[in-house]
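Treat the numbers as computed from the prediction; the structure is a model and nothing was measured. In what follows, chains are A, B, ... by sequence order, proteins preceding strands, each numbered from 1.
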2 protein chains.
Amino acid sequence: MSETPDMSLARAVSYREIRVAAERLRGVHHRTPVLAEETINEWFDAEVFFKCENLQRTGAFKFRGAFNAMSLLSGAQREAGVITFSSGNHAQAMALAAGLLGVRATIIMPSDAPRVKLEAVRRRLERAPEGSEVVQYERERITREDLARQIIEERGMCLIPPYDHPNIIAGQGTAAMELFEDVGELDWLFVCCGGGGLLSGSAICAETMSPLCRVVGVEPEAADDACRSFETRTLHTVENPETIADGARTPYLGKYTFPMVLQHVDEMLCVPDAALVEAMRVVMGSLKQVIEPTGGLGLAGLEAVARERGNEIAGTRVGVILSGGNVDLDRLAHLLGE
Amino acid sequence: MSETPDMSLARAVSYREIRVAAERLRGVHHRTPVLAEETINEWFDAEVFFKCENLQRTGAFKFRGAFNAMSLLSGAQREAGVITFSSGNHAQAMALAAGLLGVRATIIMPSDAPRVKLEAVRRRLERAPEGSEVVQYERERITREDLARQIIEERGMCLIPPYDHPNIIAGQGTAAMELFEDVGELDWLFVCCGGGGLLSGSAICAETMSPLCRVVGVEPEAADDACRSFETRTLHTVENPETIADGARTPYLGKYTFPMVLQHVDEMLCVPDAALVEAMRVVMGSLKQVIEPTGGLGLAGLEAVARERGNEIAGTRVGVILSGGNVDLDRLAHLLGE
């Protein structure tokens with residue numbers, strides 16, 4: 001992949017496509033609640049609205065994009081079946097969508113994916129057509145893209161990637177759309193960034209629904225490829241980063257998401273893993289929501305901005321997307337106990 | 001207190017009072033969401049609806065009753081200030097209501113109440129009128145009722161007890177009312193039982209809104225006073241029971257709640273603490289909600305009935321009230337890690 005973004009792709013998804021995706025999802029996905037909590041508002045001296053995608057079907061926003069993209073396949077493509085690779089949440093989302101739409105699915109997952117995610121994918125694939133399966137790979141031996149390519153060559157299938165596809169990005173954008181519908185315009189929107197699908201969709205949505213909103217992408221310090229790519233406007237890669245945010249270990253922005261992030265996102269920042277644990281504690285203690293480490297990125301980003309430039313947050317209306325809640329409870333206990 | 005229930009008090013709260021309480025709460029409390037999750041439904045082969053009172057203001061249903069009761073005080077009573085005793089959640093609720101309604105509050109809490117609850121009460125009382133305070137007591141030295149009586153004699157205040165008062169019970173009943181409004185009639189409703197306020201209000205509400213619903217009260221095995229009282233129709237007491245469900249350590253049903261439970265509740269059962277931890281794991285893992293141990297009683301009760309009489313649950317519509325979510329996160333990590 002080229003290191004220079006093709007800026008002509010920055011507008012490959014429009015607000016209209018997000019709205020149409022929302023119609024496709026109606027009655028299938030969960031319109032997740034938006035929560036706010038007075039002690040958090042007092043803490044930031046702001047109105048903070050949390051979009052609870054941990055309550056989305058399969059426990060993460062990923063279902064939005066997966067269902068939208070799979071719905072848009074042609075009859076021949078559905079016949080051939082789909083293949084995808086994922087660190088976990090996109091896999092679950094694809095497995096559910098495959099069952100709902102009756103499409104055979106092959107899902108490539110890393111051998112070190114959280115057990116809870118692996119089991120959930122296998123269970124969901126039981127509802128998908130015969131021949132659906134999980135294929136595991138070792139991160140050290142082969143990239144998931146290469147393995148997918150091998151299988152596609154052997155078996156002939158339609159690839160639905162986890163983030164770098166206009167129909168995925170349009171689907172993910174519906175989360176921010178619902179947030180703006182529910183609470184109105186915002187001054188800030190903090191969104192986690194792995195491969196940049198949710199972030200791109202959110203930012204494109206904000207441009208129409210809340211044009212003055214400052215959209216901030218947040219990624220883990222150890223996986224700061226998007227921050228560096230944003231800063232230098234040249235693609236940076238971080239392979240197999242060591243971070244507890246397993247949903248944001250994606251090594252690079254994509255062909256679509258890189259130009260989209262450059263075009264539509266206002267700011268990128270990164271936070272240490274310790275800040276993610278702290279964010280999880282706040283979300284659990286005050287909002288009573290279980291989130292996975294990646295789900296804490298948005299709030300950790302807000303905390304970082306409030307700490308360094310508090311006067312920019314005070315008195316504003318802030319949106320935070322809680323991206324997902326799929327965390328092994330033993331692992332959660334370990335993270336909380338540290 | 002007499003060991004024989006005064007059955008003339010069983011109808012001291014009517015459905016109408018619950019409706020009026022709901023009007024009083026409108027715009028002040030949170031109309032909490034009802035969540036359902038497909039894997040839980042599959043597990044029980046039933047439709048299970050969870051009323052998320054962990055998302056109520058102050059993190060538990062108790063705010064409903066406290067605000068309703070405090071709203072109904074006369075001018076002279078408000079002037080005198082209020083006093084209450086509580087293992088924690090009613091205390092927080094009273095402290096918030098005192099701030100909202102501008103009533104001076106004295107709150108008696110056990111010295112071993114969870115730290116998170118004690119701190120939250122103190123913080124909330126900062127918004128209540130001057131002179132509001134927390135008074136701590138040692139469970140081994142004095143009962144909270146005796147201490148309250150002492151302080152009332154010394155200072156003259158209006159007692160708002162944690163559960164045994166018609167206006168408290170009417171307020172608590174609004175949680176079940178909203179559940180029935182949102183999902184329609186149910187076949188089962190599982191409700192935790194400490195002092196029986198939430199349970200009584202729920203059962204009274206069910207009689208009108210879902211007359212065929214079987215209302216089940218659930219308490220911890222180590223604090224099975226209500227189960228034994230229900231069975232024998234004679235008041236049983238369990239002082240200082242050893243259970244992780246700190247919200248259900250109440251030693252006995254009350255003058256009002258005992259006859260109400262006898263009159264309106266269909267079944268009482270008790271569950272071991274291990275079942276509460278398991279219920280917390282299910283709620284956290286599948287519903288992504290943080291609940292306190294007491295909040296797990298309803299689901300643990302459903303699990304017990306499904307295990308022993310599965311055919312009675314299969315194919316039905318079931319309501320479960322998640323009563324609260326105030327748990328120290330360190331304690332939660334410990335419970336999950338065991």
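- Heavy-atom proximity under 4.5 angstrom to chain B picks out L55(A), R57(A), G59(A) from residues 55-65 of chain A.
- Neither the backbone nor the side chain of L335(A) comes within contact range of chain B; no heavy atoms are under 4.5 Å apart.
- Using a cutoff of 4.0 Å between basic side-chain nitrogens and carboxylate oxygens, E42(A) and R127(B) are scored as salt-bridged.
- Among all heavy-atom pairs drawn from A333(B) and G337(A), the shortest one is CB-N, 4.1 Å.
- When heavy atoms are compared at a cutoff of 4.5 Å, R124(A) approaches chain B solely by way of its side chain, counted from C-beta outward.
- For R317(B), the salt bridge (charged side-chain N to carboxylate O under 4.0 Å, His left out) test picks out E47(B), with sequence neighbours left out.
- Taking the side chain to side chain contact (heavy atoms under 4.5 Å, CB included) definition, one finds that A98(A) meets it with M70(A), A105(A), A128(A), sequence neighbours left out.
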Can you list, pair by pair, the side-chain donor-acceptor contacts under 3.5 Å of residues 278-289 of chain A, counting residues two or more places apart and other chains?
residue	atom	partner	partner atom	Å
R281(A)	NH1	L336(A)	O	2.9
R281(A)	NH2	D330(B)	OD1	3.0
K288(A)	NZ	G285(A)	O	2.8
K288(A)	NZ	G325(B)	O	3.0
K288(A)	NZ	N326(B)	OD1	2.9
Q289(A)	OE1	N54(A)	ND2	3.1
Q289(A)	OE1	Q289(B)	NE2	2.9
Q289(A)	NE2	L287(A)	O	3.3
Q289(A)	NE2	Q289(B)	OE1	2.9

